Number of protein chains: 2
Amino acid sequence: MKDDFVPDVVISRLPLYLQELNHLAKEGLHTVSSKVMAARLGTTAAQIRKDLSYFGGFGKQGSGYQIYDLIEQLQKILNMDHVWQVVVVGAGDLGRALTHYQGFASQGIEIVALFDVDPKLVGTQVGSIAVRHVDEMEDELKNLGIKIAILTVPGGVAQEVAEKLVKFGVRAILNYAPVSLMLPEEVHVQHIDPVPHIQKMMYYL
Amino acid sequence: MKDDFVPDVVISRLPLYLQELNHLAKEGLHTVSSKVMAARLGTTAAQIRKDLSYFGGFGKQGSGYQIYDLIEQLQKILNMDHVWQVVVVGAGDLGRALTHYQGFASQGIEIVALFDVDPKLVGTQVGSIAVRHVDEMEDELKNLGIKIAILTVPGGVAQEVAEKLVKFGVRAILNYAPVSLMLPEEVHVQHIDPVPHIQKMMYYL
DNA sequence: TAGATTGTTAATCGATTAACAATC
DNA sequence: TAGATTGTTAATCGATTAACAATC
């Protein structure tokens, strides 16, 4: 009922709920119970209800949740009521793939710039975005007030580039480089790396 | 001391330890304490020692862990004593980026095939790998006994393709499609999606 | 009304942390 | 030896689950 303190695990699950709700909406449904949601997400109904209850009572006894309503509520909770402009640093394959990934737009995420140091890449076009030199990053980040960056540079320079981003105002980094970034704790870092995921599965095989 | 039961969270952390140890080795170090490791990974020394203790006592009082020795031990635990052949399904930007990602080889992961349905993509070359039609998947997977697949197809067909993979013998899927796959529970699934990660950070900004 | 499902409390379960004897 | 650091136990902390009164 109060947004006093919400465990981090709960926050991590909200985007998954939102995603599933979007799927349900696309299937033409208007209402869903915690039980059905749980089955589709591979969780438990109790957990979904508990998680949502940190933010309010969005359901109705007997019938469950209004899908469109809950989508709106979750979007508000996740600060999705405005579009967040995001930059990508590193114009390798991965950086380019992310730059024209179609799934961002509908989720309030807009890629506004792509940077690299390689003179062979600078100036080339990735969809509607031109690759620019990292030297121009400072101006761009400060002018647009960018708070979120995606990092797809080689591991060897990731720390250094991340520190620059922070210096220029970035407060959240999605890190695709295979290193643990050491940054001030007020900077949010999410690490994505296929290797540990695959290795984890290797253990179980 | 016994591999009786090891919590899943612990398994998730082993690859991160391994990664950090590889970094330390590359920096020329031979020995490391749980305290130093913890500082570099942003964890606690107690957790690292506890995690490792599920598998044995690898350290020495007073001096810590032999880096090369611990790397070997972790590789053994994670079944990395042989190379795992992996296929990628979906030859879009992301699939191609992953197919020639340089970081796999050193971690015992070998991408052996890339499949798609798009006739414009089939036959094209991605590094040393030729894109093949999904119809050829069954033969390839069965012949090579492939157990691990990376899925980078559009969300709309991910479930269907995943079921095919399972039918052809795959037991672990790294899923880049923005959907929760519904598969038999003996199949291991790891889901990677930048959107939820960014949305989680949005909450905190 | 009868059936379904919520939000919430209390009970359970599991993971993290602190502490320290053992020992290199 | 003195200092450092392990592996492990016990204490703490936090998250999940079960249960159910409230109510649509």
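From a predicted model like this one, the values you see are computed outputs, not experimental measurements. Numbers restart at 1 for each chain; the letters A, B, ... are given by sequence-line order, proteins then strands.
For residues 149-175 of chain B, the pairs satisfying side-chain hydrogen bond (donor to acceptor under 3.5 Å, both in side chains) are B/Gln159-B/Glu163, with sequence neighbours left out. Among residue pairs with one or both ends in residues 48-74 of chain A, those qualifying as salt bridge (Lys or Arg N to Asp or Glu O under 4.0 Å) are A/Arg13-A/Asp51; sequence neighbours excluded. Sorted by first then second residue, the ring pair (Phe, Tyr, Trp, His ring centres under 6.0 Å) pairs that include residues 85-107 of chain A, not counting sequence neighbours, are A/Tyr101-A/Phe104. Judged as a ring pair (Phe, Tyr, Trp, His ring centres under 6.0 Å), the pairs with a partner in residues 181-201 of chain A (not counting sequence neighbours) are, in order, A/His188-B/Tyr204. Residue pairs meeting the salt bridge (Lys or Arg N to Asp or Glu O under 4.0 Å) criterion with at least one member in residues 18-27 of chain A, sequence neighbours excluded, are A/Glu20-A/Arg40, A/Glu27-A/Arg40. Judged as a salt bridge (Lys or Arg N to Asp or Glu O under 4.0 Å), not a single pair has a partner in residues 173-195 of chain B (not counting sequence neighbours). Each ring pair (Phe, Tyr, Trp, His ring centres under 6.0 Å) pair with one or both residues in residues 58-88 of chain A, not counting sequence neighbours, appears once here: A/His82-A/Trp84.
Projected onto DNA chain D by closest heavy-atom contact, A/Gln47 and B/Ala45 fall at different nucleotides, the more 5' of which corresponds to B/Ala45.
Using a 4.5 Å heavy-atom cutoff, the side chains of B/Tyr54 and B/Leu52 are not in contact. Looking at heavy atoms from C-beta onward, B/Ile150 lies out of side-chain contact with B/Val87 at the 4.5 angstrom threshold.
For B/Tyr54, no side-chain nitrogen or oxygen approaches OP1 or OP2 of C/dA15 to under 4.0 Å. Contact annotation: B/Arg49 does not reach the phosphate of D/dA4 (side-chain N/O to OP1 or OP2, under 4.0 Å).
Without hydrogens or angle criteria, B/Thr43 side chain to B/Ala39 main chain gives no donor-acceptor distance under 3.5 Å.
Counted within 6.0 Å of NZ on A/Lys76, heavy atoms from surrounding residues, nucleotides or ligands total 12 or fewer; the atom is thus considered open.
With rounding to whole Å, B/Gln66 atom CD is found 12 Å from D/dT6 atom P. As a whole-Å value, the separation of A/Asp51 CG from D/dT17 C1' is 12 Å. The distance between atom CZ of B/Phe55 and atom P of D/dT6, rounded to the nearest whole Å, is 18 Å. Protein atom CG of B/Leu52 is 11 Å distant from nucleotide atom C1' of D/dT6, rounded to whole Å. Between the C1' atom of D/dT5 and the NZ atom of B/Lys50 lies a distance of 18 Å, rounded to the nearest Å. Distance, A/Asp8 CG to D/dG14 C1': 13 Å, rounded to whole Å.
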What protein N or O atoms touch nucleotides 11-13 of chain C N or O atoms at under 3.5 angstrom, if any, and at what distances?
none

For nucleotides 21-24 of chain D, list the nitrogen or oxygen atoms of the protein found under 3.5 Å from its nitrogen or oxygen atoms, one pair per line.
{"residue": "D/dT23", "atom": "O4'", "partner": "A/Gln61", "partner atom": "NE2", "Å": "3.3"}
{"residue": "D/dC24", "atom": "O2", "partner": "A/Gln61", "partner atom": "O", "Å": "3.3"}

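Closest of all the heavy-atom pairs between A/Gln107 and A/Leu18 is OE1-CD2, 4.0 Å. Across all non-hydrogen atoms, the minimal contact from A/Ala25 to A/Ile71 is CB-CD1, 4.2 Å.
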* Please, what dot-bracket string fits DNA chain C when only Watson-Crick and G-U pairs with both distances under 3.5 Å count, crossing ones use [ ] and pairs to another strand use |? -> ..||||||||||||||||||||||

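Taking every heavy atom of residues 15-37 of chain B and every atom of DNA chain C, no pair lies under 4.0 Å.
Of all nucleotides listed (D/dA15, D/dG7, C/dT8), D/dG7 comes nearest to the side chain of B/Tyr65.
Across all strands, A/Val10 comes closer than 4.0 Å to no nucleic acid atom at all (heavy-atom distances).
Residues passing the salt bridge (charged side-chain N to carboxylate O under 4.0 Å, His left out) test with B/Asp116: none are found, sequence neighbours excluded.
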